[in-house]
Amino acid sequence: MLAPYIKNYWLLRTACDSPTLARTVPTGMMNLIFHRGNRLYSIHDHQLHPRAFLSGQEKQFADLQYKGEIDMLAVVFHPAGVRAFFDLPIHTLKGLRVTASDLEDKELAQLESTLTSTESDPHCILLVEQFLLKRLCKPTGHHLNRIENTIRLISSGQTDIARLADTVCLSNKQFQRIFSEYIGANPKEFSRIIRFQRALHTLETRPQISLTDLTYECGYFDQSHLIKEFKTLSGYTPGEYTTVCTPTSDYFH
């Protein structure tokens with residue numbers, strides 16, 4: 001029942017004696033994150049992550065620092081999945097980490113407390129699923145079908161906003177508003193992120209691809225456009241990215 005809305009869960013458990021840096025990049029998907037050990041420190045915001053929070057759509061990379069025992073559990077939603085569980089103006093969450101206290105959500109606060117004291121990973125996931133199933137409210141209506149169709153088109157490489165709006169029979173203004181309400185980012189922002197994720201997936205599956213072919217196949221105007229987008233979304237050029245880490249697409253994986 002949750003599969004249409006939840007892409008996957010992921011767990012991170014690690015320990016380090018000295019401060020360690022990690023960089024995250026936009027994925028086009030929102031997450032519900034629980035810290036059961038030490039919390040990550042956001043270098044940009046100069047603050048620790050909350051113990052548990054719903055993260056909005058990200059527009060750029062983020063540098064994080066951690067030390068000691070890290071034990072994280074994350075729920076990764078499909079792009080339009082959050083609305084099935086949280087009755088929120090999703091577009092207002094962009095770039096934010098929203099806590100149970102912010103939302104005045106007693107059930108989420110209780111889940112946060114329970115997970116903090118639960119050591120078994122399978123049991124934690126079971127508790128999360130029980131929480132999600134209890135509040136699952138399946139979105140319906142023409143707008144949801146329009147948005148899901150739009151996501152499929154963007155995922156297949158269509159990025160022309162006017163054409164996307166025409167395809168789902170909406171004016172440009174209506175399309176922008178409805179898309180943002182469901183996804184938490186406007187169509188242009190989301191398309192940029194998915195194109196970047198497609199480039200990561202291409203580098204992951206075809207590591208020997210030339211920069212020229214990568215530019216053409218992923219829909220960038222030219223190599224300078226590709227490099228600029230990589231720098232904005234990851235902080236690296238494509239060459240630097242493949243040097244410091246193995247390219248992996250969370251969206252297309």
Side-chain angles (χ1 to χ4, degrees), residues 7 21-31 40-46 55-65 76 78-80 90-97 147 150-167 172-173 175-177 179-180 182-253:
K7 180 177 175 62
L21 292 175
R23 176 167 293 182
T24 63
V25 299
T27 64
M29 300 173 292
M30 296 175 62
N31 302 271
L40 303 184
Y41 177 80
S42 171
I43 294 175
H44 176 74
D45 298 334
H46 303 292
S55 70
Q57 291 278 7
E58 298 290 350
K59 293 173 58 179
Q60 59 187 15
F61 67 91
D63 286 323
L64 305 172
Q65 186 180 78
V76 183
H78 286 299
I90 303 299
H91 63 284
T92 65
L93 305 183
K94 190 189 314 179
L96 300 180
R97 293 184 288 271
I147 296 306
T150 300
I151 291 170
R152 284 191 290 269
L153 290 170
I154 293 173
S155 298
S156 65
Q158 176 59 258
T159 59
D160 186 287
I161 305 303
R163 185 174 298 177
L164 290 169
D166 286 342
T167 300
N172 186 64
K173 186 175 181 179
F175 178 59
Q176 297 272 353
R177 176 180 58 81
F179 190 93
S180 295
Y182 276 85
I183 306 301
N186 65 46
K188 182 178 180 180
E189 292 167 338
F190 183 76
S191 295
R192 287 180 65 206
I193 293 169
I194 302 310
R195 181 170 52 195
F196 168 69
Q197 286 288 323
R198 185 180 302 109
L200 291 181
H201 181 64
T202 303
L203 288 170
E204 177 184 7
T205 55
R206 297 163 57 195
Q208 302 305 318
I209 190 172
S210 69
L211 198 61
T212 299
D213 288 343
L214 182 66
T215 299
Y216 174 75
E217 292 187 20
C218 295
Y220 292 97
F221 299 126
D222 51 34
Q223 289 188 22
S224 63
H225 182 215
L226 167 67
I227 292 170
K228 181 180 178 181
E229 290 290 273
F230 253 75
K231 289 285 286 186
T232 298
L233 296 174
S234 74
Y236 300 115
T237 66
E240 291 169 342
Y241 194 101
T242 56
T243 298
V244 300
C245 62
T246 301
T248 301
S249 169
D250 292 314
Y251 187 85
F252 288 103
H253 188 67

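In this chain, residues are counted from 1 in sequence order.
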Q: Nearest 0.5 Å please: distance from the NZ atom of Lys188 over to the CD1 atom of Ile154.
A: 13.5 Å
Q: Lys59 and Pro26: which non-hydrogen atoms are nearest, and at how many Å?
A: C-CG, 3.7 Å
Q: Rounded to the nearest 0.5 Å, how far apart are CG of Leu203 and CD of Gln208?
A: 10.5 Å
Q: Measure the spacing between OG1 of Thr167 and CD of Gln158 and express it to the nearest 0.5 Å.
A: 6.5 Å
Q: Assess whether side chain to side chain contact (heavy atoms under 4.5 Å, CB included) is satisfied between Thr24 and Glu58, documenting all intermediate values.
A: CA-CA 10 Å; Thr24 63; Glu58 298 290 350; over 6 Å; no
Q: So which atom in Arg198 and which in Ser155 form the shortest heavy-atom distance, rounded to 0.1 Å?
A: NH2-O, 3.1 Å
Q: May I ask you to decide if Tyr251's main-chain N or O and Lys7's side chain share a donor-acceptor pair within less than 3.5 Å?
A: yes
Q: Just how far is it from atom CZ of Arg192 to atom CG of Asn186, taken to the nearest 0.5 Å?
A: 9.5 Å
Q: Are the side chain of Ser180 and the backbone of Arg177 linked by a donor-acceptor contact shorter than 3.5 Å?
A: no
Q: State the OG1-NZ distance between Thr237 and Lys228, to the nearest 0.5 angstrom.
A: 15.5 Å
Q: Nearest 0.5 Å, please: how far is CZ in Arg195 from NE2 in His225?
A: 4.5 Å
Q: Would you call Leu64 and Ser42 a side-chain contact if the rule is heavy atoms closer than 4.5 Å?
A: yes
Q: Side chains of Glu189 and Gln57, heavy atoms from C-beta outward: is any pair under 4.5 Å?
A: no
Q: Examine the side chains of Gln223 and Thr215 and answer whether a donor and an acceptor come within less than 3.5 Å of each other.
A: no
Q: Applying side chain to side chain contact (heavy atoms under 4.5 Å, CB included) to Leu214 and Tyr220, what does each step give before you reach the verdict?
A: CA-CA 8 Å; Leu214 182 66; Tyr220 292 97; over 6 Å; no
Q: Can you give me the closest heavy-atom contact between Gly28 and Ile193, atom names plus distance?
A: N-CG2, 3.4 Å
Q: Would you indicate whether the side-chain heavy atoms of Ile161 and Ser191 approach each other to under 4.5 Å?
A: yes
Q: Check the pair Arg97, Asp45 against side chain to side chain contact (heavy atoms under 4.5 Å, CB included), reporting the backbone distance first and the verdict last.
A: CA-CA 11 Å; Arg97 293 184 288 271; Asp45 298 334; 2.5 Å; yes
Q: Please report the closest heavy-atom contact between Val76 and Asn31, naming both atoms and the distance.
A: CG2-OD1, 3.2 Å
Q: Looking only at heavy atoms, what is the nearest atom pair of Glu204 and His253, with distance?
A: OE2-ND1, 3.6 Å
Q: With a 4.5 Å heavy-atom cut-off, do His46 and Tyr41 have their side chains touching?
A: yes
Q: Using modelled atom types and a 3.5 Å cut-off, is there a donor and acceptor pairing between side-chain atoms of Arg23 and backbone atoms of Ser234?
A: yes
Q: Which residues pass the salt bridge (Lys or Arg N to Asp or Glu O under 4.0 Å) test with Glu217, not counting sequence neighbours?
A: Arg206
Q: Run Ile90 and Ile183 through side chain to side chain contact (heavy atoms under 4.5 Å, CB included) and show every step you take.
A: CA-CA 7 Å; Ile90 303 299; Ile183 306 301; over 6 Å; no
Q: By the salt bridge (Lys or Arg N to Asp or Glu O under 4.0 Å) test, which pairs, at least two apart or in different chains, include something from residues 236-253?
A: none
Q: Which atoms form the tightest heavy-atom contact between Pro187 and Phe175, and what is the distance?
A: CG-CE2, 3.6 Å
Q: Applying the side-chain contact (heavy atoms from CB on, under 4.5 Å) criterion to Phe230, which one of Ile227, Leu226, Leu233 satisfies it?
A: Leu226
Q: If we ignore angles and hydrogens, is there a donor and acceptor under 3.5 Å between the side chains of Thr243 and Tyr236?
A: no
